[in-house]
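One structure is given below, encoded as structure tokens.
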Number of protein chains: 2
Amino acid sequence: MEHQAKYQELKTYYFGVLPTLTEDSWKIFESLLSIRTIKKGDYLLREGKICNHVSFINHGLLKIYYEVDGKEKIVAFFKELTYCCDYASFLMREPAETAIKALEETEVVEINYEGLQHLYNLVPEANMIGRRIAENLFIDKCRNSSNNVTESVESKYQKVVTETPWLIQRVPQYMIASYLGITPEALSRIKARNSKKTVVTAAQY
Amino acid sequence: MEHQAKYQELKTYYFGVLPTLTEDSWKIFESLLSIRTIKKGDYLLREGKICNHVSFINHGLLKIYYEVDGKEKIVAFFKELTYCCDYASFLMREPAETAIKALEETEVVEINYEGLQHLYNLVPEANMIGRRIAENLFIDKCRNSSNNVTESVESKYQKVVTETPWLIQRVPQYMIASYLGITPEALSRIKARNSKKTVVTAAQY
DNA sequence: GCTTTTCCTTAACCCAAATCAATAAAACAT
DNA sequence: ATGTTTTATTGATTTGGGTTAAGGAAAAGC
């Protein structure tokens, strides 16, 4: 099967750190997966729809965001070799308050809600994996909002620059601004201030 | 045993909505629990320590907060019949960035990290419970930060007033302010503005 | 190549909330 | 009850980011 290599990737990156499933369990899991491609600018999930899949990204880049009085508030970016989902909508079976849109041509391997419940029933060990995934998601979310509370916009931007340089490369600055919770103008000013500082500092030596 | 009633409460409120454990599994779980009381003003968890327990609150009230340049940033309040933990520290076995402090005399029933892992090993169904708990925590966190992004300080305050009136009763206003991410002065002004509005509105009829 | 659209920057002005400071009101203790 | 500490309010001032608007740079389209 052509997709075999994709699934192998998934197995390695997604579950590599997790307790391994038996070959049989893995087969069951694999049988529940499907592949989807999303063109740049298209939606993986539309606001108001129930999120019905957990998607593992083979390649591409997506954003998850709220739309509040006409303006986007980007919550997160998802790139290849991570999973992507409005987990709140997915788990609660409620309409999503967010939308997920592809910023680049994207390919995902996904499992749908029924498939996952099926898996939990058929393969009890999968509960442990599900637990770890939920735990990791929660921890990430905690770190994230901890950052938002603790740090200034300025240092949040610095963190993006140093910790996720790929983001700067791959998305326009106004989306970074939205992600940081400020306007593009404000981010532009912050950058200007910083580069001025650097020049001054450099000039002193 | 004197604590029996306490554990019954826990069983009802904490696991009531969750798939029930068998009597035997429950016995194992129960054997791993212990009781602790925290005096008003004392810590359930100190910043920098690894959070070693998930605590179910029998009675009392706690706050979880960051301390950033001398000022508290309150993340959440926990009252009786909910669970309380710095889950990020607990799961990652990392020093907590938060502290948890009792705002009232508090009694908790808790399970420690080793106990919980032990439980997961002995009672595989517990993984499902752990999964559901992590999922719920994550969803709560999502809702919360969604709120923070989407809504104005004003409407966040209104939400606290209408949705968690007990908070207003039980904690001083400056902590509500911290929870909302503003200064006590700012909250005082919001209240003043609102009551003025109400008076004006009332006078018009 | 040139045009068009999209994105970024800069400036002037405005506003909500922070800060600083002083006072008032509650809560607590003896 | 009275003094002490803690909490809440109000005012004056500052500030960081929002808003509006305009011009420049870079990408995308043809």
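Each chain gets a letter, A, B and so on, in the order the sequences are listed, and its residues count up from 1.
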Whole Å only: how far is the [atom1] atom of [X] from the [atom2] atom of [N]?
X	N	atom1	atom2	answer
B:Tyr174	D:dT6	OH	P	9 Å
B:Arg189	C:dA21	CZ	C1'	11 Å
A:Lys191	D:dG17	NZ	P	16 Å
A:Asp69	D:dG18	CG	P	13 Å
A:Leu187	D:dG16	CG	P	16 Å
B:Glu104	C:dA27	CD	C1'	16 Å
B:Leu103	D:dT6	CG	P	16 Å
B:Gln173	C:dA24	CD	P	19 Å

Check: Looking at the side chain of B:Glu185, which of C:dC7, D:dT7, C:dC20 is the nearest nucleotide?
Finding: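 In terms of side-chain proximity for B:Glu185, the closest of C:dC7, D:dT7, C:dC20 is C:dC20.
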
Checklist line | Nucleotide nearest B:Arg193 when distance is taken to its side chain, options C:dA17, D:dT7, C:dA18 | finding: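 Nearest nucleotide to the side chain: C:dA17.
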
Notebook entry, point to check: When the nearest nucleotide of DNA chain C is assigned to B:Gly181 and to A:Ser188 on a heavy-atom basis, which residue is associated with the more 5' position?
Noted result: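 Counting from the 5' end, the first nearest nucleotide belongs to A:Ser188.
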
Check: Of B:Ile182 and B:Lys40, whose closest DNA chain C nucleotide lies nearer the 5' terminus?
Finding: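 It is B:Ile182, whose closest nucleotide lies nearer the 5' terminus.
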
Notebook entry, point to check: Tell me, do A:Ser146 and B:Glu97 make a side-chain contact under 4.5 Å, heavy atoms counted?
Noted result: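 With C-beta onward as the side chain, the pair touches.
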
Notebook entry, point to check: So do A:Tyr113 and A:Val54 actually touch side chain to side chain, heavy atoms under 4.5 Å?
Noted result: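 With C-beta onward as the side chain, the pair stays apart.
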
Next item on the list: Please check if the side chain of A:Arg93 supplies one atom and the backbone of A:Cys51 the other of a donor-acceptor pair under 3.5 Å.
Entry: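 Flag set: sc A:Arg93 to bb A:Cys51 pair under 3.5 Å.
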
Checklist line | Verdict with supporting geometry, A:Lys79 and A:Arg170, side-chain contact (heavy atoms from CB on, under 4.5 Å) | finding: CA-CA 10 Å; A:Lys79 72 173 197 331; A:Arg170 288 165 75 177; 4.0 Å; yes

Item checked: Side-chain N,O (A:Thr183) to OP1/OP2 (D:dG18) below 4.0 Å ->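 A:Thr183 to D:dG18 OP1/OP2: side-chain N or O found under 4.0 Å.
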
